[in-house]
Amino acid sequence: MSHCYAGCPEGTPNQYYIRGTDEYTKYLITKMATQVPLAGRNLTMDRLYTSIPIAEWLWNEQKMTMIGTFQSNRRGFPVELKKPGPNKSSTIFYQVDGPLVLVQYSTVNKSTGAVSIVVLTTRTPIDGVT
(Lines give C-alpha, C1' and ligand atoms only; values in the text may rest on other atoms or scores of the structure.)
Protein backbone atom coordinates (compact mmCIF):
# COMPACT_ATOMS: atom_id res chain seq x y z
CA MET A 1 0.00 0.00 0.00
CA SER A 2 1.38 3.41 -0.95
CA HIS A 3 1.34 6.43 1.30
CA CYS A 4 -1.55 8.73 0.61
CA TYR A 5 -2.42 12.12 2.02
CA ALA A 6 -5.95 13.07 3.05
CA GLY A 7 -8.15 13.35 -0.01
CA CYS A 8 -6.02 11.10 -2.24
CA PRO A 9 -8.12 8.46 -3.98
CA GLU A 10 -7.39 4.84 -3.14
CA GLY A 11 -7.90 3.52 -6.68
CA THR A 12 -7.41 5.11 -10.05
CA PRO A 13 -7.44 8.94 -9.98
CA ASN A 14 -10.78 10.39 -11.07
CA GLN A 15 -11.79 13.73 -12.59
CA TYR A 16 -11.53 15.46 -9.20
CA TYR A 17 -7.99 14.33 -8.44
CA ILE A 18 -5.17 15.45 -10.72
CA ARG A 19 -1.69 14.07 -10.15
CA GLY A 20 1.29 16.31 -10.89
CA THR A 21 1.88 20.04 -11.02
CA ASP A 22 1.94 20.28 -14.83
CA GLU A 23 -1.39 18.47 -15.22
CA TYR A 24 -2.97 20.58 -12.48
CA THR A 25 -1.71 23.79 -14.13
CA LYS A 26 -3.16 22.71 -17.48
CA TYR A 27 -6.48 21.91 -15.77
CA LEU A 28 -6.66 25.36 -14.12
CA ILE A 29 -5.83 27.23 -17.33
CA THR A 30 -8.28 25.16 -19.39
CA LYS A 31 -11.02 25.79 -16.81
CA MET A 32 -10.25 29.53 -16.81
CA ALA A 33 -10.41 29.55 -20.63
CA THR A 34 -14.05 28.44 -20.45
CA GLN A 35 -14.88 31.73 -18.70
CA VAL A 36 -12.54 34.21 -20.43
CA PRO A 37 -10.76 34.03 -23.80
CA LEU A 38 -7.05 33.64 -23.03
CA ALA A 39 -5.45 33.63 -26.49
CA GLY A 40 -2.99 36.50 -26.85
CA ARG A 41 -2.62 37.06 -23.12
CA ASN A 42 0.50 36.76 -20.95
CA LEU A 43 0.50 34.59 -17.83
CA THR A 44 2.85 35.34 -14.93
CA MET A 45 3.66 32.20 -12.96
CA ASP A 46 5.19 31.28 -9.62
CA ARG A 47 8.26 29.05 -9.51
CA LEU A 48 6.12 26.05 -8.53
CA TYR A 49 4.19 26.13 -11.82
CA THR A 50 6.93 27.25 -14.24
CA SER A 51 8.21 24.43 -16.44
CA ILE A 52 9.32 23.90 -20.02
CA PRO A 53 6.38 21.57 -20.88
CA ILE A 54 3.87 24.15 -19.57
CA ALA A 55 5.59 26.98 -21.47
CA GLU A 56 5.47 24.99 -24.72
CA TRP A 57 1.84 23.93 -24.11
CA LEU A 58 0.77 27.55 -23.48
CA TRP A 59 2.57 28.77 -26.60
CA ASN A 60 1.52 26.00 -29.00
CA GLU A 61 -1.98 25.07 -27.85
CA GLN A 62 -3.32 28.05 -25.91
CA LYS A 63 -1.62 30.79 -28.00
CA MET A 64 -0.45 32.50 -24.79
CA THR A 65 2.88 33.82 -23.61
CA MET A 66 4.21 33.26 -20.09
CA ILE A 67 6.93 34.35 -17.71
CA GLY A 68 8.01 32.83 -14.41
CA THR A 69 11.00 32.06 -12.22
CA PHE A 70 12.47 28.67 -13.03
CA GLN A 71 13.77 26.46 -10.20
CA SER A 72 17.08 24.70 -10.71
CA ASN A 73 15.65 21.35 -9.59
CA ARG A 74 12.97 21.29 -12.32
CA ARG A 75 13.16 18.93 -15.28
CA GLY A 76 14.85 20.54 -18.27
CA PHE A 77 16.83 23.10 -16.28
CA PRO A 78 20.21 23.63 -18.02
CA VAL A 79 23.18 22.53 -15.91
CA GLU A 80 25.19 25.53 -17.19
CA LEU A 81 22.84 27.92 -15.37
CA LYS A 82 23.18 26.36 -11.93
CA LYS A 83 26.46 28.15 -11.21
CA PRO A 84 26.08 31.93 -10.70
CA GLY A 85 28.04 34.25 -12.97
CA PRO A 86 29.75 37.51 -11.95
CA ASN A 87 27.86 39.75 -9.51
CA LYS A 88 25.04 41.80 -11.08
CA SER A 89 25.42 40.15 -14.48
CA SER A 90 22.77 38.70 -16.73
CA THR A 91 22.86 36.19 -19.55
CA ILE A 92 20.12 35.45 -22.07
CA PHE A 93 19.67 32.03 -23.67
CA TYR A 94 17.04 31.62 -26.35
CA GLN A 95 15.76 28.75 -28.42
CA VAL A 96 16.67 29.34 -32.07
CA ASP A 97 13.73 27.41 -33.51
CA GLY A 98 11.20 27.97 -30.75
CA PRO A 99 9.67 30.42 -28.31
CA LEU A 100 11.65 29.63 -25.14
CA VAL A 101 13.93 32.24 -23.55
CA LEU A 102 15.92 31.77 -20.32
CA VAL A 103 17.34 34.82 -18.56
CA GLN A 104 19.89 34.26 -15.79
CA TYR A 105 20.60 37.07 -13.34
CA SER A 106 23.47 36.58 -10.90
CA THR A 107 23.84 38.53 -7.69
CA VAL A 108 25.24 38.24 -4.17
CA ASN A 109 22.94 38.20 -1.20
CA LYS A 110 23.94 38.59 2.45
CA SER A 111 22.61 35.28 3.74
CA THR A 112 23.63 32.76 1.06
CA GLY A 113 26.31 34.50 -1.00
CA ALA A 114 26.29 34.19 -4.79
CA VAL A 115 22.90 33.22 -6.24
CA SER A 116 21.51 32.77 -9.71
CA ILE A 117 17.93 33.71 -10.52
CA VAL A 118 16.59 32.20 -13.74
CA VAL A 119 13.43 33.32 -15.53
CA LEU A 120 11.71 31.25 -18.23
CA THR A 121 9.57 33.10 -20.74
CA THR A 122 8.00 32.70 -24.15
CA ARG A 123 8.04 36.43 -24.82
CA THR A 124 9.97 37.37 -27.95
CA PRO A 125 13.38 38.81 -26.97
CA ILE A 126 14.17 42.29 -28.25
CA ASP A 127 17.49 42.40 -30.11
CA GLY A 128 20.10 44.54 -28.38
CA VAL A 129 18.32 44.64 -25.01
CA THR A 130 19.87 42.69 -22.14
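The analysis underlying the following values was restricted to heavy atoms, covering all of them including side chains, and did not include hydrogens, waters or symmetry mates. No experiment lies behind these values; they were computed from the predicted model shown.
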Review point. If you round to the nearest 0.5 Å, how far is CG of L43 from OH of Y49?
Key: 11.5 Å
Check your understanding: With side chains defined as the heavy atoms from C-beta onward, is the minimum distance between T107 and V115 less than 4.5 Å?
Key -> yes
Exercise for review: Answer with yes or no whether the hydrophobic clustering places W57 together with Y27; edges join I, L, V, M, F, W, Y residues whose side-chain heavy atoms lie under 4.5 Å apart.
Suggested key: no
Practice item. Tell me whether F77 is reachable from L48 by hopping between hydrophobic residues (I, L, V, M, F, W, Y) whose side-chain heavy atoms are closer than 4.5 Å. Key: yes
Practice item. Write down the atom of I52, the atom of G76, and the distance for their closest heavy-atom approach. Key: CD1-O, 3.4 Å
Point to revise | Non-hydrogen atoms of P53 and R75 that approach each other most closely | key: CG-NH2, 4.3 Å
**Study point:** In one Ile/Leu/Val/Met/Phe/Trp/Tyr side-chain cluster, 4.5 Å: M45, M32
**Key:** yes
**Study point:** Same apolar cluster: L81 and V103, side chain cutoff 4.5 Å
**Key:** no
Exercise for review: Determine whether I54 and V101 fall in the same hydrophobic cluster, where Ile, Leu, Val, Met, Phe, Trp and Tyr are linked whenever their side-chain heavy atoms lie under 4.5 Å apart.
Suggested key: no
Exercise for review: Identify the heavy atoms of N87 and V108 that sit nearest to each other, and give their distance.
Suggested key: OD1-N, 3.1 Å
Check your understanding: For Y105, does the OH atom sit with more than 12 other heavy atoms under 6.0 Å from it, leaving out its own atoms?
Key -> yes
Check your understanding: Between M64 and T122, which heavy-atom pair has the shortest distance, and what is it?
Key -> O-OG1, 4.1 Å
Practice item. Side-chain contact test, heavy atoms from C-beta onward, threshold under 4.5 Å: evaluate it for T21 versus S51 and give yes or no. Key: no
Practice item. Write down the atom of L120, the atom of M66, and the distance for their closest heavy-atom approach. Key: O-SD, 3.8 Å
Exercise for review: Check whether any side-chain heavy atom of F70 sits under 4.5 Å from a side-chain heavy atom of V119, and report yes or no.
Suggested key: no
Exercise for review: Flag yes if more than 12 heavy atoms outside R74 fall under 6.0 Å of its CZ atom; otherwise flag no.
Suggested key: yes
Check your understanding: Side-chain contact, heavy-atom cut-off 4.5 Å: E56 with L58?
Key -> no
Exercise for review: Kindly indicate whether the side chain of T91, heavy atoms from C-beta on, has any atom under 4.5 Å from the side chain of E80.
Suggested key: no
Exercise for review: Give the minimum heavy-atom separation between G85 and S106, together with the two atoms involved.
Suggested key: N-OG, 2.8 Å
Point to revise | L100 and Y94: CA distance, side-chain angles, deciding distance, side-chain contact (heavy atoms from CB on, under 4.5 Å) verdict | key: CA-CA 6 Å; L100 300 180; Y94 61 93; over 6 Å; no
Review point. Should the heavy atoms of other residues, nucleotides or ligands under 6.0 Å from CZ of F93 be counted, would the total exceed 12?
Key: yes
